Amino acid sequence: MEMRFRGARMTRWKIRPLIWLKHQPEQRVMMILAVVVGLGSGAAAVVLKTLIELIGKLLTGWFDVSWNNFLLLLYPGVGMLLSLLFVRYVVRDDIGHGVTKVLFAISRNNSRIKRHNMWTSMLSSSVTIGFGGSVGAEAPIVYTGAAIGSNVARSLGLSYRNMTILLCCGAAGAVAGIFKAPMAGILFCLEILLFNISMSSILPLLLSSVTATTVSYLFLGREVPFTSTVDPFAMGNLPYYLLLGVFCGLVSLYFLRTTLSLEDRIKKISNPFKRWAFCAGMLGLLIFIFPPLFGEGYSSLGHMLQGNPDTILENSLFSGIFEHKWVIPVYFALVLVFKVFAMSFTNAGGGVGGTFGPTLIVGGIAGFILARTINLMGFHAVPEANFALVGMAGLMAGVMQAPMTAIFLIAEITGGYALLLPLIVVSTISFATMRAFEPFSIYSKRLAKSGDLITHNSDRAVLTLLQTSDLVETDFTSVRLDDTLGDLVKAVARSTRNLYPVLDDEGIYRGYIGLDDIRKIMFDKDKYETTKLYTLMKNAPATVLSTDRMDSVMDKFDKTGAWNLPVVDEDGRYVGYVSKSKIFSSYRKRLQDVSCD
């Protein structure tokens with residue numbers, strides 16, 4: 001089958017490649033485009049990491065990040081302000097919460113992402129994080145990669161199905177490129193972004209991920225992002241890994257609910273500059289007291305994975321008393337608690353960043369705290385670096401509700417395949433613990449609340465993709481409230497429908513008359529002038545708003561048993577009718593579009 005390009009507009013230099021692609025089999029074209037998208041997303045990941053490191057070195061390369069340096073009070077706020085000004089006056093669009101935006105694009109925008117997202121998220125997040133904002137770079141780069149894939153498909157006029165695949169290729173390539181973890185990139189898309197996939201779609205994801213990882217290797221070296229001193233797995237530690245899984249699940253619940261609650265509360269400050277001032281002040285104070293909150297925090301995580309977490313306290317406010325054995329776990333417990341606050345202040349105050357990186361930090365800290373507590377209490381001697389590493393996977397599995405991504409990402413970025421069994425155990429238990437309290441991940445929680453979430457249930461997912469406004473039928477002949485039976489008979493003569501909506505003089509929907517309702521009197525000419533339609537009309541069993549979600553519309557059909565329901569706007573004015581038959585027809589068509597078989 002040849003590839004179809006719909007509505008593509010090409011400049012002259014693009015015509016020849018387009019003609020060549022047009023006559024190639026669809027699978028071959030998708031393979032080629034997956035590599036192109038992988039190159040783009042991999043390059044974007046390299047640029048983002050390089051920009052963050054460059055800005056960080058320029059600002060902090062000449063002093064130690066310690067509690068007595070008052071620049072820590074200023075830098076994060078300056079970065080947030082620059083990002084706020086850039087987004088508000090240059091971009092003029094909301095580019096925060098990148099992974100959630102990608103999910104929304106798949107759910108509600110036919111996988112279309114604006115062109116500026118191919119660079120704006122990357123630039124603003126590099127400034128936010130480079131100046132010390134306590135967020136991660138992963139969500140912005142996922143948004144960037146997804147935008148690259150979406151716009152490559154859009155420029156060629158590809159179908160929704162292929163546009164969604166390329167969007168996910170970009171997201172997979174972004175994760176693979178920034179972490180040098182191709183398997184994690186693929187699993188990220190399968191668990192979080194794609195709701196329906198088959199083997200024919202995995203190959204483009206694989207090509208994109210491998211291509212992006214190769215680009216990252218070429219420019220950033222082949223070293224894993226985190227080096228760790230991993231001890232061999234011992235079966236005697238298994239009960240404590242089970243405990244770690246439950247602990248990570250509970251910390252995940254705190255992470256998700258606190259993040260969403262804080263951001264919602266802070267957004268009540270309507271003035272963006274007052275909101276920035278509040279968040280900048282609070283973030284600067286937190287970083288001044290707890291320097292590990294500065295920036296992404298990966299250097300502190302590296303110390304824990306290498307087995308020397310004590311060095312983190314040397315430049316902190318608590319450096320003079322850290323000889324006491326309980327000071328270190330208490331200090332890291334405070335860092336764990338306030339990392340969520342620091343991340344929320346950064347995002348709500350105008351910064352652009354994600355929760356992906358902070359999830360890794362908090363997970364590593366959670367694993368270390370539990371291990372150090374067990375060791376100090378003398379129950380059992382457990383390897384703290386191992387628990388920190390496995391804790392990273394546990395928190396990812398809980399917060400993102402993506403256990404497979406968590407397992408393979410941590411194994412790939414730390415070289416910790418020797419701990420594959422505890423990674424599986426902790427991730428699974430954390431995921432199960434979190435699901436007992438929260439059915440949605442941090443990315444999908446808000447979309448689920450608004451009904452915009454696409455799910456892994458194919459029926460529910462396809463309904464989410466259907467728009468009520470696109471299914472309205474407008475060929476019903478309407479009549480007026482004060483019309484007579486004779487007027488209705490004339491309407492019947494020129495109509496092909498058997499329902500007649502009754503409207504008032506302002507176009508407000510008042511009811512309907514069915515052909516069966518007047519069959520016995522429609523030929524009685526004596527009643528043509530004396531019978532008013534308001535005496536014959538019936539109330540609709542339910543009305544549908546043109547903005548209603550399709551799952552809500554289907555609920556109304558189920559409750560009423562109707563086959564047709566009137567559609568009105570927010571003011572009650574008649575728009576048309578929506579029918580079950582039209583919905584079923586559109587459902588079958590959309591199901592074919594999203595199917596990857």
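Keep in mind that what you see is a predicted model, and the values were worked out from it rather than measured.
- Between G350 and S83, the closest heavy-atom pair is O-OG, 3.1 Å.
- Under the 4.5 Å side-chain criterion, counting only non-hydrogen atoms from C-beta, V352 is not in contact with N347.
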Using side chain to side chain contact (heavy atoms under 4.5 Å, CB included), reason through Y500 and L488 one step at a time and then give a plain yes or no.
CA-CA 8 Å; Y500 303 90; L488 178 58; 4.0 Å; yes
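- Put simply, the side chain of N539 does not reach to within 4.5 Å of the side chain of Y512, judged on heavy atoms.
- Once rounded to the nearest 0.5 Å, the distance linking OG1 of T120 with CD1 of I95 reads 4.5 Å.
- Closest of all the heavy-atom pairs between V127 and G79 is CG1-O, 3.9 Å.
- Pairs engaging residues 481-490 under the side chain to side chain donor-acceptor pair (under 3.5 Å) rule: T484-D487 [sequence neighbours left out].
- Using a 4.5 Å heavy-atom cutoff, the side chains of V175 and V142 are in contact.
- Pairing each heavy atom of P358 with each of G136, the nearest pair is CD-N, 3.5 Å.
- Between Y577 and Y509, the ring planes are perpendicular. Angles over 60° get that label, and only those under 30° would be called parallel.
- Using a 4.5 Å heavy-atom threshold, the side chains of D569 and L545 count as separate.
- Across all their heavy atoms, I148 and S41 have their closest contact at CD1-N, 4.0 Å.
- Counting heavy atoms from C-beta outward, K538 and I513 have side chains that stay 4.5 Å or more apart.
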Between L48 and S125, is the side chain to side chain contact (heavy atoms under 4.5 Å, CB included) condition met? List the steps.
CA-CA 8 Å; L48 178 58; S125 65; 3.4 Å; yes
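- Taking 4.0 Å as the cut-off between side-chain N and carboxylate O, K445 and E438 count as a salt-bridged pair.
- Side-chain contact between Y574 and V567 is absent, with no heavy atoms from C-beta onward closer than 4.5 Å.
- Remark: A147 pairs with I113, N117, M118, N151 by the side-chain contact (heavy atoms from CB on, under 4.5 Å) rule, at least two apart or across chains.
- Taking CE of M30 as the start and CD1 of I165 as the end, the distance is 4.5 Å to the nearest 0.5 Å.
- When the shell of 6.0 Å around OH of Y528 is examined, it contains more than 12 heavy atoms from other residues, nucleotides or ligands.
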The test is side chain to side chain contact (heavy atoms under 4.5 Å, CB included); show your working for L503 and R510 and say whether it passes.
CA-CA 5 Å; L503 316 179; R510 295 301 184 184; over 6 Å; no
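- With D524 contributing its side chain and D526 its backbone, the two residues share a donor-acceptor pair below 3.5 Å.
- A donor-acceptor contact closer than 3.5 angstrom is absent between the side chains of E263 and S344.
- One finds a salt bridge joining D93 and K114 here, because a Lys/Arg side-chain nitrogen approaches an Asp/Glu carboxylate oxygen to under 4.0 Å.
- With rounding to the nearest 0.5 Å, the separation of CZ in R112 from CG in L167 is 12.0 Å.
- Taking OG1 from T359 and CD1 from I442, the interatomic distance works out to 6.0 Å, rounded to the nearest 0.5 Å.
- Enclosure of atom CZ in F437 is not indicated, since only 12 or fewer non-hydrogen atoms of other residues, nucleotides or ligands lie within 6.0 angstrom.
- Within the 3.5 Å criterion, the main-chain N or O of T405 finds a donor-acceptor partner in the side chain of E191.
- Salt bridge R519/D516: present, at least one basic N to carboxylate O contact under 4.0 Å.
- When side chains are defined from C-beta on, M396 counts as touching F356, because their heavy atoms get closer than 4.5 Å.
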Side chain to side chain contact (heavy atoms under 4.5 Å, CB included) assessment of F476 paired with S495:
CA-CA 7 Å; F476 289 82; S495 176; over 6 Å; no
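- T355 and Y443 get closest at one heavy-atom pair: OG1-CE2, 3.6 Å.
- Other residues, nucleotides and ligands place more than 12 heavy atoms under 6.0 Å from the CG atom of N271.
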Would you please test S441 and S444 for side-chain hydrogen bond (donor to acceptor under 3.5 Å, both in side chains) and show each step?
CA-CA 5 Å; S441 72; S444 59; 3.1 Å; yes
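- Within the 4.5 Å cutoff, no side-chain heavy atoms of K556 are placed close to those of P541.
- A donor-acceptor contact closer than 3.5 angstrom is absent between the side chains of E570 and T547.
- Looking at K267, K101, R88 one by one, the single match for salt bridge (charged side-chain N to carboxylate O under 4.0 Å, His left out) with D94 turns out to be K101.
- Atom CE of M31 sits about 6.0 Å away from atom CG of L207, to the nearest 0.5 Å.
- The two residues L499 and G514 make their nearest non-hydrogen contact at CD2-CA, 4.0 Å.
- Counting heavy atoms of neighbouring residues, nucleotides and ligands inside a 6.0 Å radius, atom CG of D475 exceeds 12 of them.
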